[in-house]
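The block underneath contains the structure these notes are about, expressed in structure tokens.
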Amino acid sequence: MTMMMMIMKSNTPCLKILSIVLLFASLFFYILVAPSFFTSPHLNQHVYLQPHFEFCPSNYTNYCPCQDPIRARRFPKAKWFRKERHCPERTQRLRCLVPTPPGYQTPFPWPKSKETAWFSNVPFPKLVEYKKSQNWIRLEGDRFVFPGGGTSFIDGVEAYVHDLNHLLPVSLESGDIRTVLDVGCGVASFGASLMDYDILTMSLAPSDEHQSQVQFALERGLPAMLGVLSIHRLTFPSRSFDMVHCSRCLVPWTDYDGLYLREIDRILRPGGFWVLSGPPINWRVNYEAWETKPQVLKKEQDILEDLAKQLCWEKVAERGQIAVWQKHMDHISCMKNLKTSRSPMFCNSSESDLDAGWYTKMTACIYPLPDMKDVHEVSGGVLEKWPTRLKTVPPRVRNENDDGFTLKAYIKDNETWKRRVSDYGVMLKSLSSGKYRNVMDMNAGFGGFAAAMEKYPVWVMNVVPFDTKSKDLGIIYERGLIGTYMDWCDISDIVLEMHRIVRPKGAVIIRDEGHTIVKVKQITDKIRWKGTVVVGDQDGPFHSEMILVIIINNTD
């Protein structure tokens, strides 16, 4: 269960009026809904006639609708398809409130939450025993402790990151690397360690026998989400990450004509790094410990090296069990010098949008990088070092050919959210204390809310509707922020989902037109949330929006 703050704003026809932000108090989201979210063709009028929503049975405490293990058994195991997101049809969705775990306690405030969590909040002891020898997690009395071990972190994650820092061509302290994807993240200790360098890591792991890895990560106050490399693309736009990391993540990188490595290429920025540790790297030394024949590992590494060359990745370092590749700044100069036995296969014009990341099938081809006018340019545009990157107009905004309309809208959005977040700091006086940690913006637009929240000890999951025609999520990543695509549909389902993921004692902020706020409050009353309507804000005396603020005090 997650506590969060949600914000939704009006920038798509489907999400017409509401802006929601979910804020988690260390484990809770604070929800803010933006204008145009609830005035939607999917808004079910009958929801206003329903009585109070009842609570689900107690065995639904950790229910995740799109990752239901019983439902997952209907799908084939091939390519891990069973582990993908499989959401129930509308008629099969729960219409009850997922209960809080028995004995739930307020999570430790940030940054203490990074190191420890209450057992009662994530009561899953299996991982403690399963990974005992690797020191991922320990159970001490009534709480979990995260000592920073890992499958490849023999001397601890800090020593591992120290070694990586000396292998990379750029320093982790330099600001060149800001957004990282950790595939097969475990309990997200790698991402936790990178926070010491002001690097934001999206930790990704499937729901599997390790039991709730992602839930442990969120309980710690670390960015994480369920995900697996299977049939469909990851839910990110192209050129999102400065670095992608895999430490014995068990992804078959060389299978299916390198399909999964090509997907990493899609989401990796020009000049970005791919880091692989564990098999088959340094197989000559480790094949006995891995209990694998050396010729098998050699063949795997040879195929891996060939695939990397096809992708125009240059191997820049290998030491111990860690190897680092760097993606070229463009494809043109690379292809001129490339000497391989077969030509790289580029995606043709009939392939789908390279930024599409919602139920779009992966293809075993390479997406060409954006054209450049000069060989000295970076394909797609130069990104500033962090934190300058946050305050600089992103290349996807600068490159828009619309007479400056997008640029003007972008600048206005930033100014608006600076004012609004100042107001939220007054409404939620605990924002500065570390009580709120995990935050979700449910309709993120350009990421102006998340940018304005940088002054607080929080991280923001920026959610962008998958069917928006704009490049908003790509812009968000270019700002050094993180997020994902999502399909928000029926309003009653949205509110029930908000209830499921927001932690007890979390907060929800919903802003919209006055008549919409009245309707939404009727729904939130039915899930026993007591909200206060605030009239007007700094957008001006004639602004028609109102704000519904909900501080969740109960743990029932």
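Residue numbers start at 1 and run along the sequence shown.
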| task | First locate atom CD1 of I523, then atom CG of L496, and finally report the distance between them rounded to the nearest 0.5 Å. | result | 9.5 Å
| Is any side-chain N of the basic residue among R396 and D355 closer than 4.0 Å to the acidic one's carboxylate O? | yes
| Quick one: does L548's side chain get under 4.5 Å of R511's, heavy atoms only? | no
| field | Closest heavy-atom pair and its distance - E219, N121 | value | OE2-ND2, 3.0 Å
| field | Nearest heavy atoms of P394 and E478, plus distance in Å | value | CB-OE1, 3.4 Å
| Counting distance only, does the side-chain N/O of R437 pair as donor-acceptor with the main-chain N or O of P457 below 3.5 Å? | yes
| task | Could you walk me through whether R138 and V128 pass the side-chain contact (heavy atoms from CB on, under 4.5 Å) test, one step at a time? | result | CA-CA 6 Å; R138 294 198 305 264; V128 175; 5.6 Å; no
| task | Could you tell me the separation between the CG atom of D441 and the CZ atom of F449, rounded to the nearest 0.5 Å? | result | 6.0 Å
| request: Given side-chain contact (heavy atoms from CB on, under 4.5 Å), test V275 with M243 step by step and report yes or no. | output: CA-CA 7 Å; V275 178; M243 185 168 80; 3.8 Å; yes
| task | Not counting sequence neighbours, list each pair that qualifies as a disulfide bond (SG atoms under 2.5 Å apart) and has a residue in residues 121-163. | result | none
| request: Would you kindly check if the NZ (Lys) or CZ (Arg) of R420 is within the cone defined by 45 degrees around the ring axis of W417 and under 6.0 Å from the six-membered ring centre? | output: yes
| Ion pair check, D176 and R389, cut-off under 4.0 Å | no
| remark: When E84, K83, K77 are each screened for side-chain contact (heavy atoms from CB on, under 4.5 Å) with W80, the one that passes is K83
| query | Would you call F190 and S247 a side-chain contact if the rule is heavy atoms closer than 4.5 Å? | reply | no
| task | Report the C-alpha distance between Y197 and S171 in whole Å, list the side-chain angles of each, state the deciding distance to 0.1 Å, and finish with yes or no for side chain to side chain donor-acceptor pair (under 3.5 Å). | result | CA-CA 10 Å; Y197 300 90; S171 166; over 6 Å; no
| Could you state the interatomic distance from CE (M461) to CD1 (I476), rounded to the nearest 0.5 Å? | 11.5 Å
| remark: Taking every heavy atom of F273 against every heavy atom of L268, the minimum-distance pair comes out as O-CD1, 3.5 Å
| task | Carefully, step by step, assess Y60 and F55 under the rule ring-ring contact (aromatic ring centres under 6.0 Å, His included). | result | CA-CA 9 Å; Y60 278 82; F55 281 90; over 10 Å; no
| message | Is a donor from one side chain sitting under 3.5 angstrom from an acceptor on the other, for S230 and R82? | response | no
| Residue Q92 excluded, over 12 heavy atoms near CD under 6.0 Å | yes
| Is any side-chain N of the basic residue among R178 and D198 closer than 4.0 Å to the acidic one's carboxylate O? | yes
| Considering only heavy atoms from C-beta outward, does the side chain of F53 approach that of C96 to under 4.5 Å? | no
| query | Which pair of non-hydrogen atoms, one from V183 and one from C249, has the smallest distance, and what is that distance? | reply | O-CB, 3.1 Å
| Please walk me through it: do F216 and L127 pass side-chain contact (heavy atoms from CB on, under 4.5 Å)? | CA-CA 10 Å; F216 278 114; L127 193 60; 4.1 Å; yes
| message | Do W358 and D467 make a side-chain contact, defined as non-hydrogen atoms from C-beta onward lying under 4.5 Å apart? | response | no
| said: Pair S470, T468 - check side chain to side chain donor-acceptor pair (under 3.5 Å), show working. | reply: CA-CA 6 Å; S470 65; T468 182; 3.1 Å; yes
| task | Output the distance between atom CE (M202) and atom OG1 (T179), rounded to the nearest 0.5 Å. | result | 10.0 Å
| Is Q134 atom CD crowded by more than 12 heavy atoms from other residues, nucleotides or ligands, each under 6.0 Å away? | yes
| So do C56 and L94 actually touch side chain to side chain, heavy atoms under 4.5 Å? | yes
| Does W488 reach the side chain of F466, with side-chain heavy atoms less than 4.5 Å apart? | no
| task | Please tell me if the side chains of W529 and I552 come closer than 4.5 Å, counting only heavy atoms from C-beta onward. | result | yes
| query | Salt-bridged, D196 to K114, with N to O below 4.0 Å? | reply | yes
| Nearest-0.5 Å distance that lies between atom NE2 in H86 and atom CZ in R71 | 8.5 Å
| said: Distance check, rounded to the nearest 0.5 Å: L204 atom CG versus L234 atom CG? | reply: 6.0 Å
| query | Centre of W110's six-membered ring, under 6.0 Å away, within 45 degrees of the axis: is that where NZ or CZ of R220 sits? | reply | no
| said: Give me the atom names and distance for the closest heavy-atom approach of F119 to F124. | reply: CE1-N, 4.0 Å
| request: Quick one: do S277 and L164 satisfy side-chain contact (heavy atoms from CB on, under 4.5 Å)? Show the steps, please. | output: CA-CA 10 Å; S277 65; L164 176 60; over 6 Å; no
| Any residue meeting salt bridge (Lys or Arg N to Asp or Glu O under 4.0 Å) with D68, in chain and number order, not counting sequence neighbours | none
| task | For V214 and M225, work out which heavy atoms get closest and say how close. | result | CG2-O, 3.5 Å
| request: Salt-bridge test for R95 and D493: reply yes if a basic N is under 4.0 Å from a carboxylate O, no otherwise. | output: yes
